Each structure stands twice: as C-alpha cells, then as structure tokens.
Asks: 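Here it is: the structure, laid out below.
All figures in this text were calculated on a predicted structure; none of them were measured in a lab.
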Amino acid sequence: KLFGNIIRIADNCKIGSNTTIKSKSIQIGSNTTIQSNCDIFSVNKFIIGDRSDLCESHIVGREVIIGNDFFSSVPNGKKFFVGGGGALLPTSNLKIGDRCTLHDILINIAKPVYIGNDVGISSEVNFYTHYFWDSIFKGNPNKFAPIKISDGCIIGAKSLFLPGVELSKNTVVGAGSVVTKKFPPNSIIGGNPAKLIKRTNSKKISKKNKIELLKKTLSWYTEILKSKG
C-alpha cells in the first residue's frame, strides 16, 4: 500500500506483500524491488533509485533518499532499521549514495546521516546521532550531531558510531569498533575506542593484470546470473 500526494513508480518495479509506504512524495526508480514486510513512513519525501533492492525494513524520518544500485539484505527475523529517538525532528534526514550495500543495521536520524557512494556496511552496525539520559540540569552529558560516511568506506560487523563522527574516503573499519572521531582518508581503524591501525596505499596494477581480473570477475558473475535464470 502506498499513501502520498505525489507517487511516481518507474517501469519494472516490484513491491512485496504486506509493505506500506507513506510520504508526501514517493519516487521509486526503474527495475527496483521493495521486499515484503516493509514499513516506511517518511514525512516529506521517500526516494529510492534505479536497479535497487530494499530488504525487509522499518524506516521512519523526514526525508529518506536512497541512490541507484542499492542492495540490502537481512537474516530472517531482522530488519534494516532507520529512525529511533527523534526520528520525526526537523533534522531527521537520511541520504544514501549510489552502489551501496547495507544489511541489518540501525541508523538513528535525530540529526542527518549521509552515506556516500560505494559504501559497504556489515551486519549489526549501529549509528547514533544523539545521546542523553539523565537531566542536563544536573550536569549530565548530551550530544546531538550528524554522521557522515564518505565514498568508498567499508564498515565491519557490530561496529558503533557516536554522534558527530565523519569517516573520510576509503576508510576501513574493523569489526566491533567504537568510532568516536574523524580519521584521515585511506585509513584502517579498529578497537574501542577506534584507533588508527595503518594507512592504505592503492597498488598500481598493470593493464594486462586488469584485463585478467576483469575476465575472472565476469566469469564468476556469469555463473551467478545462470543460477538466477
């Protein structure tokens, strides 16, 4: 079921059973699949691009924009979760770039969360854009701040991101890390709290080796396509 003032659904889209999408403006790109048992409420805008696959999800926010060639999957009984405390604040926005892969993660969007292009996020990763508990008038801490994940980052399973974190381009985060601050581009980080392990340098690959890698990749991908008919 779709409820909205403006609804645009491109060609060759599939929406599974028991899925509800509510927003003032809904836009679903071509050749995109939204799986069964999704519950999506985005006050102003919900957009998902072309050739994307949204797994079983619970999404609440103001504006949710997902790019092209998005892929997501979750184990049975779990969901891709967006929302949490403050999910309907004026700043509750999520933007995900192109060619991203996400799994059963939690993204709190009391403040904006930006995920760039070509980002991979493993299972049970949590993003929190705010924290507070006891009264601030008794001197207890609180923080509300956005989170930014730049292009090309890879995030290991069960990592935790605190408010205000920004990952620079091509950062790799080890599984189980607690990320509390910014690191330079091309970093490998890990631990609690996360620390710099080393910097990565892109290797130069000859044209001949690139061609061989391409042949192997296409051969592997061809077998996958055969299995899908």
Asks: Yes or no on side-chain contact (heavy atoms from CB on, under 4.5 Å) for Q35 and T19, after CA distance, side-chain angles and deciding distance?
Replies: CA-CA 8 Å; Q35 302 289 348; T19 283; over 6 Å; no
Asks: Does V113 reach the side chain of V82, with side-chain heavy atoms less than 4.5 Å apart?
Replies: no
Asks: Relative to F41, does K22 satisfy both conditions: NZ or CZ under 6.0 angstrom from the six-membered ring centre, and within 45 degrees of the ring's axis?
Replies: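 Relative to the ring axis of F41, which defines the angle, K22 lies outside at least one limit.
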Asks: Is there a donor-acceptor pair closer than 3.5 Å between any side-chain N or O of S36 and the backbone N or O of S17?
Replies: yes
Asks: Testing the basics here: between C13 and S30, what is the closest heavy-atom pair and its distance to 0.1 Å?
Replies: SG-CA, 4.3 Å
Asks: Any side-chain to backbone donor/acceptor pair from S159 onto G174? Under 3.5 Å, distance only.
Replies: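 Yes.
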Asks: Strictly distance-based, threshold 3.5 Å: is any side-chain N or O of T171 a donor or acceptor partner for the main-chain N or O of N186?
Replies: no
Asks: Determine yes or no for a side-chain-to-main-chain donor-acceptor pair under 3.5 angstrom, with S72 supplying the side chain and D53 the backbone.
Replies: yes
Asks: If I take atom OG from residue S187 and atom NZ from residue K198, how far apart are they, to the nearest 0.5 angstrom?
Replies: 11.5 Å
Asks: Taking the side chain as C-beta and beyond, is there a heavy-atom pair between I21 and I34 under 4.5 Å?
Replies: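 Counting from C-beta outward, I21 and I34 do come under 4.5 Å.
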Asks: Side chains of I26 and I40: does their closest heavy-atom pair fall under 4.5 Å?
Replies: no
Asks: Would you indicate whether the side-chain heavy atoms of V125 and L102 approach each other to under 4.5 Å?
Replies: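 Sidechains of V125 and L102: no contact.
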Asks: How many angstroms lie between NZ in K111 and CG in N93, if you round to the nearest 0.5 Å?
Replies: 10.5 Å
Asks: Got a donor-acceptor contact below 3.5 angstrom from the S42 side chain to the V64 backbone?
Replies: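 Checked: pair present.
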Asks: Say whether, by atom type as modelled, one donor and one acceptor occur between the side chain of T32 and the main chain of G49 under 3.5 angstrom.
Replies: yes
Asks: Might you point out which heavy atoms bring I224 and S227 nearest each other, and give the distance in Å?
Replies: O-OG, 2.5 Å
Asks: Determine whether a donor-acceptor pair (N or O, by modelled atom type, separation under 3.5 Å) exists between the side chain of N117 and the backbone of D98.
Replies: yes
Asks: Are the side chains of T129 and T91 in contact, using a 4.5 Å heavy-atom criterion?
Replies: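 No; the side chains remain at least 4.5 Å from each other.
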Asks: Tell me the closest heavy-atom pair linking D118 and C100, and the distance in Å.
Replies: N-SG, 3.9 Å
Asks: So do the side chains of V179 and I155 get within less than 4.5 Å of each other, counting heavy atoms only?
Replies: no
Asks: How about F127 and I109: do any of their side-chain heavy atoms sit closer than 4.5 Å?
Replies: no
Asks: Drop me the distance from T101's OG1 to I96's CD1, to the nearest 0.5 angstrom.
Replies: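 Reported value, rounded in 0.5 Å steps: 11.0 Å.
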Asks: With rounding to the nearest 0.5 Å, note down the distance linking NZ in K14 to OG1 in T33.
Replies: 5.5 Å
Asks: Under a 3.5 Å cutoff, is there a donor and acceptor pairing between the side chains of H103 and S73?
Replies: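 Their side chains do contain a donor-acceptor pair, which is all the 3.5 Å distance test asks for.
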Asks: Taking the side chain as everything from C-beta on, heavy atoms only, tell me whether L106 gets closer than 4.5 Å to Y128.
Replies: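 A side-chain contact exists here, since the closest heavy-atom pair is under 4.5 Å.
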Asks: State whether R99 and D69 are salt-bridged, where the test is any N-O pair (Lys NZ or Arg NE/NH1/NH2 against Asp/Glu carboxylate O) under 4.0 Å.
Replies: no
Asks: Can you tell me if D50 uses its side chain to pair, donor with acceptor, with the backbone of N68 under 3.5 Å?
Replies: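 Here the side-chain-to-backbone pair does not exist.
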Asks: Would you say the side-chain atoms of T217 pair up with the backbone N or O of K215, donor to acceptor, closer than 3.5 Å?
Replies: no
Asks: Does atom CZ of R8 have more than 12 heavy-atom neighbours from other groups under 6.0 Å away?
Replies: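 Not more than 12 within 6.0 Å, no.
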Asks: Within the distance-only criterion (no hydrogens, no angle test), does the side chain of S23 pair as donor or acceptor with the backbone N or O of K45 below 3.5 angstrom?
Replies: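 The answer is yes, because a donor-acceptor pair under 3.5 Å joins these two groups.
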Asks: Might you point out which heavy atoms bring G190 and S177 nearest each other, and give the distance in Å?
Replies: CA-OG, 3.2 Å
Asks: Locate the shortest heavy-atom distance separating G156 from S122; write the atom from each residue and the value.
Replies: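 Nearest pair, atom of G156 first, then S122: C-CB, 3.8 Å.
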